[in-house]
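One structure is given below, encoded as structure tokens.
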Amino acid sequence: MTGKIVGAVVAGVLLGLYVLPVSILEHTDLIIDIGLMLLLFFVGIDIGLNRSVFTRIRSMGLKILLIPLMIITGSIVGGIVGGSLLGMPFNESGAVGAGLGWYTLSSILMANYSNELSTLAFLANVVREMMAFMIIPLVAKRVGFFSSIGPAGATSMDTALPVISKATDPETAIIAFISGAICTFSVPIIVPLILNL
């Protein structure tokens, strides 16, 4: 799976460099949206065909909330530790980690604070999403299905969901969606809070 993802990115770069006209950029948002909706549609079909999944998730109860809580905590602490190695203030590095892979919103939230920090948040969270695509299958295979949700952060409800679904099972895909939704809702709250510490 990781090889296919890397291959797709490389193929896209080569097509962009040598084949496609620049005018295609006017339509990329629409193409991406259609592709993402198709992926999520087929993930939904896979989940719907496994009817026992909902019963198993209901039996887990509130324990499901521990997954996004640990993802949020780990991301912020990881950002603070990484930032301390670079000599950054803890609130700035923690806010970058609190972006949880949502690079567009986290960079916008930090734009009023600092252009440099906004750029760093964008790059760090783009890299997180790209790394998640590559390591989710490995984490699912070597560590565990629930652990594979962590690298995706907020993107486990959208762009990373098809990768998680393919690498795990329908139960994990539903939990990943719930976790991603909670992470997504928390980003606009947590990032400003941490920045203002």
Side-chain angles (χ1 to χ4, degrees), residues 1-47 71 74-75 78-79 81-83 85-86 93 96-108 110-111 115-170 172-173 175-177 179-181 183-184 187:
M1 182 70 176
T2 303
K4 291 177 185 175
I5 292 168
V6 173
V9 171
V10 170
V13 169
L14 293 175
L15 280 172
L17 281 173
Y18 302 112
V19 178
L20 298 173
V22 176
S23 61
I24 193 123
L25 293 175
E26 297 170 16
H27 309 290
T28 52
D29 284 344
L30 176 63
I31 294 166
I32 290 169
D33 286 346
I34 291 169
L36 182 58
M37 292 305 119
L38 281 171
L39 285 170
L40 294 174
F41 175 73
F42 288 113
V43 167
I45 288 173
D46 186 42
I47 290 168
I71 291 170
S75 297
V81 169
L85 297 174
L86 299 172
S93 57
V96 170
L100 303 174
W102 193 358
Y103 52 86
T104 51
L105 182 64
S106 61
S107 60
I108 290 168
M110 294 182 214
N115 287 333
E116 292 81 8
L117 193 62
S118 175
T119 303
L120 179 62
F122 178 81
L123 292 173
N125 285 291
V126 164
V127 169
R128 177 180 181 154
E129 185 175 20
M130 292 294 112
M131 292 292 294
F133 291 153
M134 291 186 279
I135 67 170
I136 284 168
L138 183 65
V139 172
K141 186 176 180 180
R142 300 283 168 95
V143 182
F145 285 0
F146 288 168
S147 298
S148 69
I149 299 170
T155 65
S156 67
M157 73 173 277
D158 48 47
T159 55
L161 185 59
V163 180
I164 294 168
S165 177
K166 178 130 176 104
T168 61
D169 59 15
T172 306
I175 294 170
F177 183 86
S179 175
C183 288
T184 297
V187 170

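Here the structure is a predicted model, which is why all the values come from computation and not from measurement.
Ile149 CD1 to Thr155 OG1: the interatomic distance, rounded to the nearest 0.5 Å, is 11.5 Å. Taken from OG in Ser156 to CD1 in Ile71, the straight-line distance is 6.0 Å, to the nearest 0.5 Å. In this structure, the separation between CG on Leu15 and CG on Leu20 is 5.0 Å, given to the nearest 0.5 Å. Taking OG1 of Thr184 as the start and CG of Leu100 as the end, the distance is 8.0 Å to the nearest 0.5 Å.
Under the rule for a side chain to side chain contact (heavy atoms under 4.5 Å, CB included), the partners of Leu120 that lie at least two apart in sequence or sit in another chain are Met88, Val96, Leu117. Judged as a side chain to side chain contact (heavy atoms under 4.5 Å, CB included), and not counting sequence neighbours, Ile108 has no contacts. For Ala181, the side chain to side chain contact (heavy atoms under 4.5 Å, CB included) partners at least two apart in sequence or on another chain are Met157, Phe185. Residues that satisfy the side chain to side chain contact (heavy atoms under 4.5 Å, CB included) test with Asp169, not counting sequence neighbours, are Phe145, Glu171, Thr172. Legend: residues meeting side chain to side chain donor-acceptor pair (under 3.5 Å) with Glu26, ordered by chain and number and at least two apart, are absent. Here Phe177 pairs with nothing under the ring-ring contact (aromatic ring centres under 6.0 Å, His included) rule; sequence neighbours left out. With sequence neighbours excluded, the residues forming a side chain to side chain donor-acceptor pair (under 3.5 Å) with Ser106 are Asn125, listed by chain and number.
Every pair tested for side-chain hydrogen bond (donor to acceptor under 3.5 Å, both in side chains) that includes a residue from residues 8-20 fails, sequence neighbours excluded, so the list is empty. Applying the side-chain hydrogen bond (donor to acceptor under 3.5 Å, both in side chains) rule to pairs touching residues 137-152 yields nothing, sequence neighbours excluded.
Heavy-atom minimum distance, Pro162 versus Asp158: CD-O, 3.3 Å. Scanning all heavy atoms of the two residues, the minimum distance from Ile136 to Ala152 falls at CD1-CB, 4.1 Å. Residue Gly99 comes nearest to Val187 through the heavy atom pair O-CG2, 3.6 Å, listed as atom of the first residue, atom of the second, then distance.
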Mind listing the side-chain donor-acceptor pairs of residues 126-134 below 3.5 Å, one per line with the distance, residues two or more places apart or on another chain?
from   : atom 1 : to     : atom 2 : distance (Å)
Arg128 : NE     : Pro151 : O      : 3.1
Arg128 : NH1    : Ser75  : OG     : 2.8
Arg128 : NH2    : Ser75  : OG     : 3.3
Arg128 : NH2    : Gly150 : O      : 3.0
Glu129 : OE2    : Thr159 : OG1    : 2.4

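Looking at Ser118, its side chain does come within 3.5 Å of a backbone N or O of Ser107 through a donor-acceptor pair. No donor-acceptor pair closer than 3.5 Å links the side chain of Ser179 to the backbone N or O of Ile175.
Atom CZ of Phe146 sits in a crowded spot, with more than 12 heavy atoms from other residues, nucleotides or ligands closer than 6.0 Å.
For the pair Ser93 and Leu86, the minimum side-chain heavy-atom distance is 4.5 Å or more.
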